[in-house]
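Start at 1 with the first residue, then count along the sequence.
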Amino acid sequence: MNKTYLKLTLDLDFILIAITAPLKDYVLCHKINTRLNTQFEKIDDHEIFFNVDEPAWCFSKYYFFVEQGEVEYYLICNKSSDGFLIPEMNKVDFFIIIKEFIDKEDLDYLINGLNKLPDIQVAAKIDPTKLKSRENLVI
């Protein structure tokens with residue numbers, strides 16, 4: 001009998017920024033919107049299903065869209081009452097996912113602006129392909 005294998009590849013074509021900040025998600029979102037002139041808005045939670053017969057784990061998610069360049073930004077909490085979105089990065093509180101291309105100047109402006117916020121301890125670009133739980137970041 002022949003066996004058929006299904007090979008899946010994840011679409012990890014995005015920029016990932018990890019943020020450590022001891023704030024509530026809505027407070028951080030407000031501070032980012034005020035300081036960096038963005039317009040993040042709350043959308044439906046990011047849901048992860050680990051088992052078919054168990055409820056999904058929900059992580060708070062915010063969205064911002066830039067028409068010029070059609071760039072999508074997502075701000076996602078790494079922590080929920082169920083656990084961590086990316087368990088190997090349990091010191092990180094939030095992630096920003098940037099879909100579509102932004103140039104290095106815009107990315108540097110964003111990361112420098114985040115790092116200048118007094119409540120953010122650190123914001124840094126992370127390579128999503130090196131994460132063990134990278135499939136949890138697929139939107």
Side-chain angles (χ1 to χ4, degrees):
M1 175 181 237
N2 290 337
K3 292 184 181 181
T4 304
Y5 294 96
L6 179 63
K7 185 175 182 179
L8 297 175
T9 56
L10 297 174
D11 180 17
L12 299 174
D13 188 24
F14 56 82
I15 296 171
L16 181 64
I17 299 172
I19 300 173
T20 302
L23 298 171
K24 297 280 189 189
D25 54 348
Y26 57 88
V27 174
L28 176 67
C29 190
H30 174 71
K31 289 180 183 267
I32 292 173
N33 283 345
T34 304
R35 177 68 176 234
L36 298 177
N37 198 25
T38 58
Q39 297 172 354
F40 278 100
E41 294 180 355
K42 178 83 169 100
I43 59 174
D44 292 338
D45 288 346
H46 185 66
E47 295 182 340
I48 302 294
F49 292 90
F50 289 103
N51 292 316
V52 177
D53 54 343
E54 292 181 13
W57 290 18
C58 297
F59 299 89
S60 187
K61 183 169 62 173
Y62 295 80
Y63 178 74
F64 170 55
F65 180 73
V66 178
E67 286 187 28
Q68 183 181 7
E70 296 184 359
V71 182
E72 295 178 303
Y73 295 82
Y74 295 91
L75 174 68
I76 302 175
C77 289
N78 189 34
K79 299 176 184 175
S80 77
S81 58
D82 299 312
F84 290 97
L85 179 65
I86 306 296
E88 63 268 25
M89 297 199 71
N90 60 8
K91 302 282 190 244
V92 172
D93 297 307
F94 302 94
F95 292 104
I96 292 181
I97 296 173
I98 305 170
K99 292 192 157 221
E100 294 304 320
F101 174 79
I102 66 169
D103 61 19
K104 185 172 176 359
E105 291 174 4
D106 290 341
L107 180 60
D108 289 343
Y109 172 79
L110 176 63
I111 292 174
N112 289 334
L114 290 169
N115 281 315
K116 287 180 183 174
L117 285 170
D119 296 310
I120 292 181
Q121 296 168 349
V122 67
K125 182 179 173 187
I126 303 290
D127 184 0
T129 60
K130 296 196 168 135
L131 297 173
K132 195 170 22 169
S133 307
R134 61 186 166 263
E135 66 275 357
N136 294 350
L137 294 170
V138 175
I139 295 178

Full working for side-chain contact (heavy atoms from CB on, under 4.5 Å) between Tyr73 and Leu110: CA-CA 11 Å; Tyr73 295 82; Leu110 176 63; 4.1 Å; yes
Transitive ILVMFWY side-chain link Tyr26 to Leu36, under 4.5 Å: yes
Go through the steps to decide whether Val66 and Ile102 satisfy the test side-chain contact (heavy atoms from CB on, under 4.5 Å), and finish with yes or no. CA-CA 11 Å; Val66 178; Ile102 66 169; over 6 Å; no
Assigning hydrophobic clusters by single linkage (Ile, Leu, Val, Met, Phe, Trp, Tyr; side-chain heavy-atom cutoff under 4.5 Å), is Phe84 placed with Leu28? no
If you apply the rule side-chain contact (heavy atoms from CB on, under 4.5 Å), what do you find for Phe49 with Glu47, and how did you get there? CA-CA 7 Å; Phe49 292 90; Glu47 295 182 340; 3.9 Å; yes
Co-membership, hydrophobic cluster, residues Phe64 and Val27, 4.5 Å side-chain: yes
Measuring from atom CD1 of Ile15 to atom CG of Leu107, what distance do you get when rounded to the nearest 0.5 angstrom? 5.0 Å
Rounded distance (nearest 0.5 Å) linking atom CD1 of Ile43 with atom CG of Leu75: 10.0 Å
Can you classify the ring geometry of Tyr63 versus Phe65 as parallel (below 30°), tilted (30 to 60°) or perpendicular (above 60°)? parallel
Closest heavy-atom pair and its distance - Asp45, Ser60: OD1-CA, 3.6 Å
Can you name the nearest heavy-atom pair linking Val138 to His46, along with the distance? O-CE1, 3.5 Å
Assess whether atom CD of Glu88 is packed by more than 12 heavy atoms of other residues, nucleotides or ligands within 6.0 Å. yes
Show which side-chain atoms of residues 90-97 pair as donor or acceptor with protein atoms under 3.5 Å away, not counting sequence neighbours.
from  : atom 1 : to    : atom 2 : distance (Å)
Asp93 : OD1    : Lys79 : NZ     : 3.0
Asp93 : OD2    : Ala21 : N      : 2.8

Is it the case that over 12 heavy atoms from other parts of the model lie below 6.0 angstrom from the CG atom of Asp119? yes
Candidate pair Lys31 and Ile120, rule side-chain contact (heavy atoms from CB on, under 4.5 Å), full reasoning: CA-CA 10 Å; Lys31 289 180 183 267; Ile120 292 181; over 6 Å; no
Rounded to the nearest 0.5 Å, how far does CD1 of Ile86 lie from CZ of Arg134? 10.0 Å
Nearest 0.5 Å, what's the CG-OH distance between Asp25 and Tyr62? 3.5 Å
Within 6.0 Å of CG in Asn37, more than 12 heavy atoms from elsewhere: no
Here the gap from Gln121 atom CD to Asn115 atom CG, rounded to the nearest 0.5 Å, amounts to 11.0 Å
OH (Tyr74) and NZ (Lys99) are apart, to the nearest 0.5 Å, by 6.0 Å
Scanning both residues in full, the closest heavy-atom pair of Asp82 with Cys58 reads OD2-N, 4.0 Å
